[in-house]
Amino acid sequence: MSDDAETSDGEPASPLDDQTAPFYTIGQVSSLLGMPQAALRRLDDQDIVSPERSEGGQRRYSRNEVDRLREVATLTEEGVTLPGVRKVLALRRRVEALEEEIADLRARRPE
DNA sequence: TTTCTCACA
DNA sequence: TGTGAGCA
């Protein structure tokens with residue numbers, strides 16, 4: 001933990017470094033990942049990758065979501081259906097939560 | 001001009 | 001899943 005753009009309290013050093021703050025338009029993401037805008041909208045409809053909305057109701061994707069989109073694209077290319085992708089992402093979050101819990105338990109009861 | 005939603009094949 | 005209409 002040293003070269004990250006974060007302060008000691010875990011806050012991003014600046015909004016520009018916040019993986020959650022930078023927003024891309026659907027057009028940017030679409031050409032960036034080479035995937036149709038319609039596909040992006042369907043992923044949003046099915047709650048697989050749901051970006052924030054601007055005042056005008058337009059989708060704004062964060063870097064995190066662009067990364068997630070990359071993973072989703074890989075899975076679908078491998079033949080995983082959207083409900084399947086949804087399952088994978090849910091299990092992924094579950095694993096992360098459990099890993100955090102394990103780390104926490106280890107800290108409380110060291111060997 | 002770009003994005004939005006909705007609808008059709 | 002891709003395309004097009006009609007709107008803001």
Side-chain angles (χ1 to χ4, degrees):
Chain A
M1 306 76 144
S2 57
D3 62 335
D4 280 346
E6 287 185 359
T7 54
S8 54
D9 59 342
E11 289 293 307
S14 99
L16 295 178
D17 297 317
D18 188 347
Q19 300 293 110
T20 264
F23 299 103
Y24 297 90
T25 64
I26 194 170
Q28 294 273 265
V29 176
S30 158
S31 61
L32 201 64
L33 303 182
M35 109 191 289
Q37 299 187 5
L40 263 12
R41 298 196 178 101
R42 285 171 209 284
L43 290 176
D44 180 13
D45 292 340
Q46 298 181 38
D47 298 303
I48 294 172
V49 175
S50 309
E52 303 289 309
R53 294 298 187 115
S54 68
E55 266 193 27
Q58 300 189 333
R59 277 166 263 250
R60 287 289 126 93
Y61 293 84
S62 68
R63 290 192 198 172
N64 281 172
E65 285 162 337
V66 171
D67 286 343
R68 189 178 321 220
L69 249 11
R70 278 214 180 85
E71 192 178 358
V72 171
T74 301
L75 291 171
T76 54
E77 278 168 20
E78 289 172 350
V80 181
T81 60
L82 291 185
V85 171
R86 212 177 156 173
K87 202 83 177 176
V88 170
L89 293 181
L91 290 172
R92 209 183 180 313
R93 284 193 295 275
R94 185 102 172 88
V95 170
E96 283 166 5
L98 290 174
E99 284 176 340
E100 251 186 69
E101 193 174 331
I102 289 171
D104 186 55
L105 288 173
R106 281 190 176 149
R108 288 171 189 288
R109 194 188 64 74
E111 286 187 69

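Numbers restart at 1 for each chain; the letters A, B, ... are given by sequence-line order, proteins then strands.
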Asker: Nearest whole Å is fine: how far is B/dT3 P from A/Tyr24 OH?
Answerer: 15 Å
Asker: So does A/Gln58 get a side-chain nitrogen or oxygen closer than 4.0 Å to the phosphate oxygens (OP1/OP2) of B/dT2?
Answerer: no
Asker: Of all the nucleotides listed (B/dT3, C/dG2, C/dT1), which has the minimum atom distance to the side chain of A/Leu82?
Answerer: C/dT1
Asker: Taking a pair as Watson-Crick or G-U wobble with both distances under 3.5 Å, which nucleotide is matched to C/dC7?
Answerer: none
Asker: Less than 4.0 Å between a side-chain N and a carboxylate O, is that true for A/Asp67 and A/Arg63?
Answerer: no
Asker: Nearest-Å distance, CZ (A/Arg41) to P (B/dC6)?
Answerer: 12 Å
Asker: Mind calculating the distance between CG (A/Leu40) and P (C/dT3) to the nearest angstrom?
Answerer: 15 Å
Asker: Just the rounded figure in Å: distance from P of C/dA8 to CD of A/Glu55.
Answerer: 17 Å
Asker: Check this for me: does any side-chain nitrogen of one of A/Asp45 and A/Arg42 sit under 4.0 Å from a carboxylate oxygen of the other?
Answerer: no
Asker: Side-chain N or O of A/Thr25 versus OP1/OP2 of B/dT2: is the shortest distance under 4.0 Å?
Answerer: no
Asker: Respond yes when some side-chain nitrogen or oxygen of A/Arg53 is under 4.0 Å from OP1 or OP2 of B/dT5, and no when none is.
Answerer: yes
Asker: Atom CD of A/Gln37 and atom C1' of B/dC6: how far apart are they, to the nearest Å?
Answerer: 16 Å
Asker: Does any N or O in the side chain of A/Glu71 come within less than 3.5 Å of the main-chain N or O of A/Arg68, such that one atom is a donor and the other an acceptor?
Answerer: no
Asker: If you find the nucleotide of DNA chain B closest to A/Arg42 and the one closest to A/Gln28, which residue's nucleotide is nearer the 5' end?
Answerer: A/Gln28
Asker: Taking only side-chain N and O atoms of A/Arg59, does any of them lie within less than 4.0 angstrom of OP1 or OP2 on B/dT3?
Answerer: no
Asker: So, the side chain of A/Ser30 versus the backbone of A/Pro36: is there a donor-acceptor pair under 3.5 Å, distance only?
Answerer: no
Asker: Let me know the distance between CD1 of A/Ile26 and P of C/dG2, rounded to the nearest Å.
Answerer: 13 Å
